[in-house]
Novice: 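My questions will all concern the structure given below.
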Amino acid sequence: MKNVLTVISGPSGVGKGTIVDEILKRREDIVESVSCTTRAPRAGEMHGREYFFLSKEEFQNRISQGDFLEYDEHFGNFYGTPKSFVEETLKEKSVILEIDVVGALNAKKAFPDSLLIMVAPPSVEELKKRLVGRNSESEEEIERRLSRLDYELSKAECYDYTVVNDELERAVKEICQLIDLRKSGK
Ligand code: 5GP
């Protein structure tokens, strides 16, 4: 069994965070990489748990030091995956990244053997409802996220698999099976 770098993407509000949390609860052989970001923490988010929250200056310094496996800018903020963490962890365990489409495709370039999974909503209407109901972003930010939705879903064809989050338990099991398949070298 080899260790696998799995990249999970999907539009904002699709439930990818919940799916990843469930996978981590069930699987001791999988670790999540914590990304760095320059956006402000949302209520309940903790430095080092959801993200490492950095200033723009700190983030730029880390870019120039080549510290990121990939990074990208969204909604005026930077997000990046720490390279050394991923490389070191892959020696012992599988790693899961929850990142956007551009980041995922860059991660695939850096790690061609990575497993790319797109999480899609059962319906776009359903997702819009969830995103608005989440109440954690301003109206302007919700609009920006909605406008990216079609773009993100259109990139599903670049992914190894698309998993529909119609039911949490089913989606989690499907993703675990896909990881196991890749771990066994198939
Ligand atoms: P949020 O602000 O909602 O936590 O995340 C906004 C977007 O940034 C999401 O699409 C999320 O997947 C993406 N993102 C989170 N971490 C990273 C990362 O390390 N690299 C890239 N490229 N995107 C990320």
Side-chain angles (χ1 to χ4, degrees), residues 5-24 31-56 58-63 65-90 95-111 114-121 124 127-128 130-156 158-159 162-163 165 171 175:
L5 177 65
T6 302
V7 183
I8 307 273
S9 306
S12 237
V14 78
K16 51 191 189 297
T18 312
I19 290 177
V20 170
D21 288 347
E22 275 304 312
I23 294 171
L24 296 173
V31 171
E32 186 178 18
S33 164
V34 179
S35 296
C36 300
T37 183
T38 59
R39 85 148 160 76
R42 295 193 190 116
E45 287 184 336
M46 245 175 66
H47 183 77
R49 191 179 64 191
E50 281 77 15
Y51 288 104
F52 292 103
F53 296 97
L54 306 182
S55 67
K56 286 209 163 139
E58 285 168 321
F59 201 100
Q60 290 293 353
N61 285 339
R62 294 192 54 172
I63 293 175
Q65 286 158 11
D67 277 359
F68 294 118
L69 187 145
E70 61 74 38
Y71 68 91
D72 197 14
E73 193 180 353
H74 306 282
F75 321 118
N77 289 305
F78 286 103
Y79 294 79
T81 307
K83 185 156 76 182
S84 56
F85 175 83
V86 172
E87 287 175 345
E88 284 308 307
T89 309
L90 276 175
V95 176
I96 201 160
L97 306 179
E98 188 198 321
I99 56 178
D100 76 302
V101 169
V102 177
L105 299 179
N106 286 333
K108 183 92 178 174
K109 277 187 210 144
F111 285 85
S114 55
L115 172 65
L116 262 53
I117 298 178
M118 171 70 76
V119 179
V124 172
L127 179 60
K128 286 184 180 170
R130 268 195 233 168
L131 197 55
V132 173
R134 192 156 79 173
N135 234 346
S136 55
E137 290 96 13
S138 66
E139 228 167 85
E140 197 191 353
E141 201 167 332
I142 288 172
E143 275 308 313
R144 272 205 302 248
R145 283 166 193 246
L146 288 177
S147 68
R148 266 190 74 88
L149 204 145
D150 289 336
Y151 166 75
E152 284 170 342
L153 290 175
S154 76
K155 291 287 175 194
C158 305
Y159 280 61
T162 295
V163 172
N165 189 16
I175 294 177

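One-based numbering, in listed order, for ligands and for the atoms of each.
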Novice: Between Lys16 and ligand 1, does any nitrogen or oxygen pair lie at a separation below 3.5 Å?
Specialist: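 Among all N and O atoms of Lys16, none is under 3.5 Å from an N or O of ligand 1.
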
Novice: Contact between Leu116 and Cys158 at the side-chain level, heavy atoms closer than 4.5 Å - yes or no?
Specialist: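 Leu116 vs Cys158: side chains apart.
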
Novice: On a heavy-atom basis, I'd like to know which of Phe68, Phe75, Phe78, Tyr79 is closest to atom 14 (N) of ligand 1.
Specialist: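 Closest candidate by heavy-atom distance is Tyr79.
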
Novice: Any atoms of ligand 1 less than 4.0 Å from a non-hydrogen atom of Glu98? List them with their elements.
Specialist: 12 (O), 15 (C), 16 (N)

Novice: Quick check: are there more than 12 heavy atoms from other residues, nucleotides or ligands sitting under 6.0 Å from OH of Tyr71?
Specialist: no

Novice: May I ask you to list the atoms of ligand 1 that are less than 4.0 angstrom from any heavy atom of Arg39?
Specialist: 1 (P), 2 (O), 4 (O)

Novice: What do you reckon, does Val102 put a non-hydrogen atom under 4.0 Å from ligand 1?
Specialist: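 No, that is not the case, since the closest heavy atom of the residue is not under 4.0 Å from the ligand.
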
Novice: Checking a contact table here: which protein heavy atom is nearest atom 20 (N) of ligand 1, and how many Å away?
Specialist: Glu70 OE2, 2.7 Å

Novice: Polar contacts were defined as any N/O atom of the residue lying under 3.5 Å from an N/O atom of the ligand; does this apply to Tyr71 and ligand 1?
Specialist: no

Novice: May I ask you to identify the nearest protein heavy atom to atom 7 (C) of ligand 1, giving residue, atom name and distance to one decimal place in Å?
Specialist: His74 CD2, 3.9 Å

Novice: Among all protein non-hydrogen atoms, which one is nearest to atom 22 (N) of ligand 1, and what is the separation to 0.1 Å?
Specialist: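 Protein heavy atom with the smallest distance to atom 22 (N) of ligand 1: Asp100 OD1, 2.6 Å.
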
Novice: Counting neighbours of CD on Glu140 that are heavy atoms of other residues, nucleotides or ligands and sit closer than 6.0 Å, is the number greater than 12?
Specialist: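 No, CD of Glu140 has 12 or fewer neighbouring heavy atoms, counting only those of other groups under 6.0 Å.
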
Novice: Does Val14 offer a backbone N or O that forms a donor-acceptor pair with the side chain of Asn165 under 3.5 Å?
Specialist: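 Between the backbone of Val14 and the side chain of Asn165 there is a qualifying donor-acceptor contact (under 3.5 Å).
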
Novice: Does Thr38 reach the main-chain N or O of Phe78 with its side chain, forming a donor-acceptor pair under 3.5 Å?
Specialist: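 Judged by distance alone, yes, a pair lies under 3.5 Å.
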
Novice: So do Tyr79 and Asp100 actually touch side chain to side chain, heavy atoms under 4.5 Å?
Specialist: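 The answer is no, as the side chains (C-beta and beyond) never meet within the 4.5 Å cut-off.
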
Novice: What I'd like to find out is whether the side chain of Tyr151 reaches to under 4.5 Å of the side chain of Val102, using heavy atoms alone.
Specialist: yes

Novice: Suppose we measure from atom 16 (N) of ligand 1 to each protein heavy atom; which comes out shortest, and what is that distance?
Specialist: Ser35 OG, 3.3 Å

Novice: Looking only at heavy atoms, is any part of Arg42 under 4.0 Å from ligand 1, and if so is it the side chain, the backbone, or both, or is it neither?
Specialist: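 For Arg42, only side-chain atoms sit under 4.0 Å from ligand 1.
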
Novice: Just distances here: any N/O of Gly80 and N/O of ligand 1 closer than 3.5 Å?
Specialist: yes

Novice: I'd like to check the side-chain contact (heavy atoms from CB on, under 4.5 Å) partners of Glu50; sequence neighbours left out, ordered by chain and number.
Specialist: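 Result, side-chain contact (heavy atoms from CB on, under 4.5 Å) vs Glu50: Glu45, Met46.
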
Novice: Return the residue, atom name and 0.1 Å-rounded distance of the protein heavy atom closest to atom 17 (C) of ligand 1.
Specialist: Ile99 CG2, 3.2 Å

Novice: Tell me which pairs pass salt bridge (Lys or Arg N to Asp or Glu O under 4.0 Å) where either residue lies in residues 67-89, with sequence neighbours left out.
Specialist: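 Output for this query lists Arg62-Asp67, Glu88-Lys91.
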
Novice: Could you say whether the N/O atoms of Tyr51 and ligand 1 ever approach to under 3.5 Å?
Specialist: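 In this structure, Tyr51 places an N or O atom under 3.5 Å from an N or O of ligand 1.
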
Novice: Would you give the length of the straight line joining atom CG of Leu54 to atom OG1 of Thr37, rounded to the nearest 0.5 angstrom?
Specialist: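 OG1 of Thr37 is found 8.0 Å from CG of Leu54.
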
Novice: Within a distance under 4.0 Å of any heavy atom of Asp72, pick out the atoms of ligand 1 and give their elements.
Specialist: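 This gives 22 (N) as the contact atoms.
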
